[in-house]
A.B. asks: 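Sharing a structure here in structure tokens format.
Every chain is numbered from 1, with letters handed out A, B, ... down the list of sequences. Bear in mind that the values here come from a model prediction, so they are computed numbers and not experimental data.
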Number of protein chains: 2
Amino acid sequence: MVWITRPGKRERLVAAAAELVDRHGVESPTLAQIAQAANVSPGNVYYYFKTREELLAALVEHRRGEVRALLSGLDRRRDPRARLKELAETWAASADEVVEHGCTIGCLASQLTKTHACLAPSAAGLIEELLDWSETQFRQLGHPDARALATTLLGGIQGAAILASVLQDPDLMRREVRRLDRWIDDLGSVDSRSSSLRVLDH
Amino acid sequence: MVWITRPGKRERLVAAAAELVDRHGVESPTLAQIAQAANVSPGNVYYYFKTREELLAALVEHRRGEVRALLSGLDRRRDPRARLKELAETWAASADEVVEHGCTIGCLASQLTKTHACLAPSAAGLIEELLDWSETQFRQLGHPDARALATTLLGGIQGAAILASVLQDPDLMRREVRRLDRWIDDLGSVDSRSSSLRVLDH
DNA sequence: GTCTATATAGCGATAGAC
DNA sequence: GTCTATCGCTATATAGAC
């Protein structure tokens, strides 16, 4: 899909919406506020998005791109175990932002699930992106229950993010990530002889 | 504080707000909708609550009462380990509702933290209620790191609730609770000789 | 493509009769 | 205490000049 409009405006609107939604929730920011933050005149928003919901949909895709970029970065690592630990450490590293606005992805997904049923599948896709990637790593470590482990990892991260933000405690986030780090280590790699083959089965 | 108004109306308003907020989020339900659901005439809401935010504050207190009632029920059990497992199983038992609207407490707290700064401390209290109680149980089992264990337990529950609701998968919630059950068992009780004394020392 | 001006509707909140 | 009527405001969305 090619956009023949003046470059930047659409992207600025999405970025401004992403920022404001992250800070104040999905419902609070008005189109006027988003337009102002993006340095776009209020009425012009509707040239790019027919409805507010359409802007939210674009915002989710924007976040999906960020998630994919993050995971691509992690894929540079050789060791699946190191990849998984670095994923978790992403939340520890941004513990202060997590405390201020919660986990960007988790909050966005859970709010959209409640308030915009039609965006729920798209929001679920954001989480699935992380889940699928983690499952792949655990599978490469030879764990037959890779999906369950991925769920536990991501659930642990998301739960810690909720508690940290509600209780305003960045150390809580960091401590839980440290615990998940140890958990990943203690899992070891099952059947290390054929771990590379395990990727192929099922 | 005694209310000399006709009994029921205030309570009905709070209950209706609780239900609608649980279903559609903190910001979406209008006072008109809440009043209608509570069978109260729209203008009459302001006799009981000066502002919308004041109604939300009452809603949080309503939830706090429910949390305390839940924990009191669990306290009837003799064994702290059984208490903790039954706490977790509360979410498994309501997995279908969790999938539909997320964890009532977790969603409420995390949304209020973002959208109503002045209610954030009150919302944090909701989570602390659960955390303090869990910490007490772990301490009675003789764990010196009881607070950290409580955080892990509640984080695991909240994270699973997010994933289950976003992915629309009740079994995910149930499986994670089962895992937490086993985790509680595997923790055992530290220094079981003096576990009852451990409650006393800090 | 961009902007101003505005239509339309619904919100939270108030006033005042009963 | 309860209700009706309504104020004042701001939201999303549209129309049309440029």
Side-chain angles (χ1 to χ4, degrees), chain A residues 1-60 108 111-112 114-119, chain B residues 1-60 62 108 111-112 114-119 122:
Chain A
M1 204 180 291
V2 180
W3 298 97
I4 341 171
T5 64
R6 178 180 143 202
K9 268 190 173 172
R10 196 191 132 99
E11 287 75 3
R12 262 150 54 209
L13 282 168
V14 174
E19 160 98 11
L20 287 170
V21 163
D22 191 42
R23 292 183 107 81
H24 304 114
V26 166
E27 299 300 296
S28 299
T30 70
L31 289 178
Q33 290 170 330
I34 293 167
Q36 186 173 18
N39 230 306
V40 172
S41 79
N44 200 7
V45 174
Y46 290 91
Y47 176 75
Y48 299 95
F49 306 98
K50 276 191 276 291
T51 64
R52 186 180 199 273
E53 209 159 47
E54 213 170 274
L55 173 53
L56 290 177
L59 152 58
V60 173
L108 180 64
Q111 286 180 84
L112 287 178
K114 277 205 178 192
T115 58
H116 294 263
C118 63
L119 295 179
Chain B
M1 202 180 290
V2 180
W3 298 96
I4 341 170
T5 65
R6 180 178 142 202
K9 266 187 174 174
R10 195 190 133 99
E11 285 77 1
R12 262 149 54 209
L13 282 168
V14 173
E19 160 98 12
L20 287 171
V21 163
D22 191 42
R23 292 182 108 83
H24 304 115
V26 165
E27 299 300 293
S28 300
T30 70
L31 289 178
Q33 289 170 329
I34 293 167
Q36 186 171 21
N39 229 305
V40 171
S41 79
N44 199 8
V45 173
Y46 290 91
Y47 176 75
Y48 299 94
F49 306 99
K50 276 192 274 291
T51 66
R52 185 181 198 273
E53 209 161 46
E54 212 170 274
L55 173 53
L56 290 177
L59 153 58
V60 174
H62 176 74
L108 181 63
Q111 285 179 82
L112 286 178
K114 275 204 179 193
T115 58
H116 294 265
C118 63
L119 294 180
S122 173

A.B. asks: Please list, chain by chain and in numerical order, all residues satisfying side chain to side chain donor-acceptor pair (under 3.5 Å) with B/His62, sequence neighbours excluded.
C.D. replies: B/Glu66
A.B. asks: In whole Å, what is the span from the OH atom of B/Tyr47 to the P atom of D/dG1?
C.D. replies: 4 Å
A.B. asks: Taking only residues two or more places apart in sequence or in another chain, which ones pass side chain to side chain contact (heavy atoms under 4.5 Å, CB included) with B/Ser41?
C.D. replies: B/Asn44
A.B. asks: Side-chain contact, heavy-atom cut-off 4.5 Å: A/Val14 with A/Phe49?
C.D. replies: yes
A.B. asks: What is the separation between atom CG on A/Leu13 and atom P on C/dT2, rounded to the nearest whole Å?
C.D. replies: 10 Å
A.B. asks: Whole angstrom is fine here: how far is it from CD in B/Gln36 over to C1' in D/dC3?
C.D. replies: 16 Å
A.B. asks: Once side chain to side chain contact (heavy atoms under 4.5 Å, CB included) is applied, do any residues pair with A/Ala37, and if so which ones, sequence neighbours excluded?
C.D. replies: A/Ala16, A/Leu20
A.B. asks: Starting at atom CD of A/Glu54, determine the distance to atom P of D/dT12, rounded to an integer number of angstrom.
C.D. replies: 15 Å
A.B. asks: May I ask you to decide if B/Thr30's main-chain N or O and B/Gln33's side chain share a donor-acceptor pair within less than 3.5 Å?
C.D. replies: yes
A.B. asks: So if I define the base as every atom that isn't primed, P, OP1 or OP2, how would nucleotides 11-18 of chain C read as a B/S/- string at a heavy-atom cutoff under 4.0 Å?
C.D. replies: SSBB----
A.B. asks: Going by salt bridge (Lys or Arg N to Asp or Glu O under 4.0 Å), name the pairs with one or both residues in residues 15-32 of chain B, residues two or more places apart or in two chains.
C.D. replies: A/Lys114-B/Asp22, B/Glu19-B/Arg23
A.B. asks: In whole Å, what is the span from the CD atom of A/Glu11 to the C1' atom of C/dG1?
C.D. replies: 15 Å
A.B. asks: Taking OP1 and OP2 of C/dT2, is either one under 4.0 Å from a side-chain nitrogen or oxygen of A/Tyr48?
C.D. replies: yes
A.B. asks: Would you indicate whether the side-chain heavy atoms of A/Val40 and A/Arg12 approach each other to under 4.5 Å?
C.D. replies: yes
A.B. asks: State, to the nearest 10°, the angle formed by the axis through the first five base pairs of the helix from C/dG1-D/dC18 to C/dC18-D/dG1 and the axis through its last five.
C.D. replies: 0°
A.B. asks: Rounded off to whole Å, could you give me the CZ-to-P distance for the B/Phe49 and D/dT2 pair?
C.D. replies: 13 Å
A.B. asks: Under the rule for side chain to side chain donor-acceptor pair (under 3.5 Å), what residues qualify as partners of B/Glu53, not counting sequence neighbours?
C.D. replies: B/His116
